[in-house]
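This report refers to the structure that appears directly beneath it.
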Amino acid sequence: MNVPDEPSLEGLEAAWGERWEADGTYRFDRSKTREQIFAIDTPPPTASGSLHVGHVMSYTHTDLVARYKRMRGFEVFYPMGWDDNGLPTERRVQNYFGVRCDPSLPFDPAFDVSGLQRPDDHPVAISRGNFIQLCEQLTAEDEKAYESLFRLLGLSVDWTQTYTTISDVSRRASQRAFLRLVGRGQAYTAEAPTMWDVDFQTAVAQAEIEDRETEGTYQRIAFDLQDGSGSIQVETSRPELIPACVAVVVNPSDERYAPLVGSTVLTPLFRVPVPVVAHALADPDKGTGAAQICTFGDVTDVVWWRELGLPARVVIRRDGTLIEGRFGEPGWESIDPEAANAAMTVLTGKGAKQARRAIVESLREGGWLTGEPEPVRHAVKFYENGSRPLEVITSRQWFVRTLQLEEELLARGREMHWHPGFMGARYTSWVEGLNQDWALSRQRYYGVPFPVWYRLDADGEPAYDTPILPEESVLPIDPQADTPPGFRAEQRGEPNGFTGDPDVMDTWATSSLTPQIAGRWEDDPDLFGRLFPMDLRPQAHEIIRTWLFYTVLKAHLEHGSLPFTHAAISGFVLDPDRKKMSKSKGNVVVPTEVFERHSADAVRYWAGSARLGVDATFDEQQMKIGRKLAIKILNASRFTLGMEAEPGSITDPLDLAMLASLREVVRDATAAFDDYEHAKVLDLVERFFWRLTDDYLELVKQRAYGAHGPARAGSAVAALRLALDVLLRLFAPFLPYVTEEVWSWWKEGTIHRATWPDADEMAIADGADPEVFDVAATVLSAIRKEKALAKVSLRVPADRVRVRDTAERLAKLALAAADVREAGNVVSLETEEASEASIETVLGAPEPA
RNA sequence: GGGCGCUUAGCUCAGGGGGAGAGCGCUUCCUUGACACGGAAGAGGUCAGAGGUUCAAAUCCUCUAGCGCCCACCA
């Protein structure tokens, strides 16, 4: 026993952090079987920037489960990943070093970063290889900072189990998964209209799109019937796409337009003859009920275009500007090509917004405009990281078939255990709303390349239908650097030679494999067999449609199973004004300062009191309470362990009652933890702890000092030590530092590998009545109240205390009467049977000063 | 437009058919042989609103309002 005189929280994080690392306390033992293992698919944080208190909360939630399961005897696989793959990293490197990637440049082995850090200059063009070097260099620094913060927070991660999403292991897994999708016909390449960001100049997937309320205008425009018999009014927010108009569509049941279906109208300004067609998606209640179909203004246009078999006239370039007029050419028929091209000149080279203004003027001058443009606010689709609305651009991309999987994926969602349960609805609603296959290609540089080459024909044109794929054994490969089997390097780009697929995969193609990557899928089949499917995926609700969905999709297609059986969804952290904390709002709290002010245990206490799925308010007050609790644990433990009486057999009814009560706490807390209700566990345990210190400890203090002889003192001391032993373990997942500190005073080994308390440890209290404790505490509390109201010291004697209650409760009080008398300094404790309970206290004179 | 969640004391939140709760904050008191980084106690609420079910509703049902989030084909 080694109890310090003045226990303190200061320095615990550093001391125990080092000790846990040195002892390998959280090291994963891979010799265990799947049944003995609890595997966690840790979210890899994006390694570009810094962690904030939102991370602190959600990662603490995961750690609570990890520590609980470990104490329950599971061997916990708790790895850490760093997401250093993808656009955020790419952008950060561009800004940080002032460079841009030019894939046409050759790799420069002698490249020196030091001359580069001039972000205000024009960006320096560097090769893809050098660019990736810089990405790795910068993210390595971030990862170090993240790790030290996570260690400070006390995450029980096995730091030997780390991975990065751009590593060879991750690239190999991504490419292997891709090849298998291709092999099964689940991935395909096609030239197809796809959502496109004109600034990043890349395709984006449905999951990366968000709606933003945007200012726009509706203009009502006349489309003349070609036979001169009148016109159709069309309302549009995108008049700049009139040159791309290929039809006017109405609802088949719309009587206003029924006679016109099948006739031909001329587009304004460009005088292109286009048909009036009917389709169920045309909404009679929107606008005039007649809409222009353009190639392509939005996803609906794509549906109409495809289902109605319309031609395409594309007017928007990949950079978002409009093309030059080519009316009069095949496919660009106009009854007045000269006028059409003149009208186009005004738009050429302009972005959508400017072109819109320009064409409205032309329309007005030409008399096509009906009324004035009407300002509206409407939802417009943006890439989540983008600044200009998405366009629909036709380009060659790889896709993963998802649309026909809806029923199977919904079934997977039902198979999953969601915590909290209602979060499953997010997944369901996403799967039900899928309207495109997963667009997998990104026209970016930093990422996992497609392991694909294409043969070039005699004219140097790629044969996309017969891609050349590598053997899995050579992965990962870079088709820009590596040569496909059967070709020589010099044949790259030559007629009858080959070319590498220039694109990289969507980052989610890699992130959706985190269970496989962390589990070394195919690289270490023995390990993978012990880990997969994993047990727990912790994550934020905002990425259910991306990370969770894609991970389920990949596992479903590759393994025919869920990737994990439980999904625990944490909420956001809100600032005190109840706004979500985010970098862009500038209201993030830097975690390191919070740790310094309150201690890691205190911060974990705050995080642990927030339930899963519920947004939590950032509340330093709550951390102060956590700190107070941690200090109280130190002091109460010191007191308990410092008692001189020898612990004996526990025989006193009050002691047994306290243990009977603790027994219930253990049962309830265990059940709650099994249900992922960590906040309830903390509440139960904390509540009991305060009862123990405020009531029980006060009640038995004098007896423990020996007021009634060694045997009864021994009962109190033994009960207290047992309660402390159990409580420390109940608190251990929440307050790993302070509980480990106290544990080290009197126990061997680490508390974090100790066994989670079992109700049977209090079997001695079997048959004991917890109400003895309640009744005694109630009477003590009433005596305290009298003293507080009389504004006297608690030491002042109570000459007479008369308790009226039922015979049953009075009998219970009698069992603890001696303790109550001493704790309340009661001279005479009288009882009287009564149907109405009451406690009457007559105070004695204060002691003379 | 559809869905999910929330609305309980000044604040942060638990509770979920039968007593309106905790902590903080506030007020008062107490330096009692673990702890003043402490302790004891007090005041404070029409459980968002309206209907309904029930012997009994903060709790179940319906509707309404406000807030938040997720989703939706931009005419």
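The sequence lines fix the lettering, A, B, ..., with proteins before strands; numbering per chain opens at 1.
Candidate nucleotides B/C74, B/C37, B/A41 were compared by shortest atom distance to the side chain of A/Ser237, and B/C74 ranks first. The listed nucleotides are B/A14, B/C35, B/U28; the one nearest the side chain of A/Arg638 is B/C35. Ranking B/C35, B/G68, B/C73 by closeness to the A/Asp615 side chain, first place goes to B/G68. For A/Asp683, taking side-chain heavy atoms from C-beta onward, the closest of the listed nucleotides B/A14, B/C4, B/G23 is B/A14. Of the candidate nucleotides B/A72, B/A40, B/G33, B/A40 has the atom nearest to the side chain of A/Ala788.
Look at A/Lys286 and you'll find a side-chain N or O under 4.0 angstrom from OP1 or OP2 of B/C74. Contact check, A/Lys787 against B/U32: no side-chain N or O comes under 4.0 Å of OP1 or OP2. Between A/Arg545 and the phosphate of B/C71, there is a side-chain N or O to OP1/OP2 separation shorter than 4.0 Å. Considering only side-chain N and O atoms, A/Lys791 lies nowhere under 4.0 angstrom from the phosphate OP1 or OP2 of B/G42. Distances shorter than 4.0 Å separate none of the side-chain N or O atoms of A/Ser429 from OP1 or OP2 on B/C4. Neither OP1 nor OP2 of B/C37 sits under 4.0 Å from any side-chain N or O of A/Asn635.
Where stacking is scored as ring centres under 5.5 Å apart with planes under 30°, A/Tyr705 registers as stacked on the base of B/G33.
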**OP:** Step by step, work out the ring-ring contact (aromatic ring centres under 6.0 Å, His included) result for A/Trp508 and A/Phe549.
**Re:** CA-CA 10 Å; A/Trp508 294 113; A/Phe549 169 73; over 10 Å; no

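Judged by distance alone, with hydrogens and angles left aside, A/Lys381 brings no side-chain donor or acceptor close enough to the base of B/C74 to form a pair under 3.5 Å.
Whole-Å rounding puts the A/Met623 CE to B/C37 C1' distance at 17 Å.
A/Gln206 contributes a side-chain N or O that, together with a main-chain N or O of A/Gly433, makes up a donor-acceptor pair within less than 3.5 Å.
Side-chain N/O atoms of A/Glu822 and A/His708 include a donor and acceptor closer than 3.5 Å.
Within the 4.5 Å cutoff, the side chain of A/Leu697 has no heavy atoms near those of the A/Asp695 side chain.
Ion pairing of A/Arg238 with A/Glu240 is present here, as a side-chain N (NZ or NE/NH1/NH2) and a carboxylate O approach within less than 4.0 Å.
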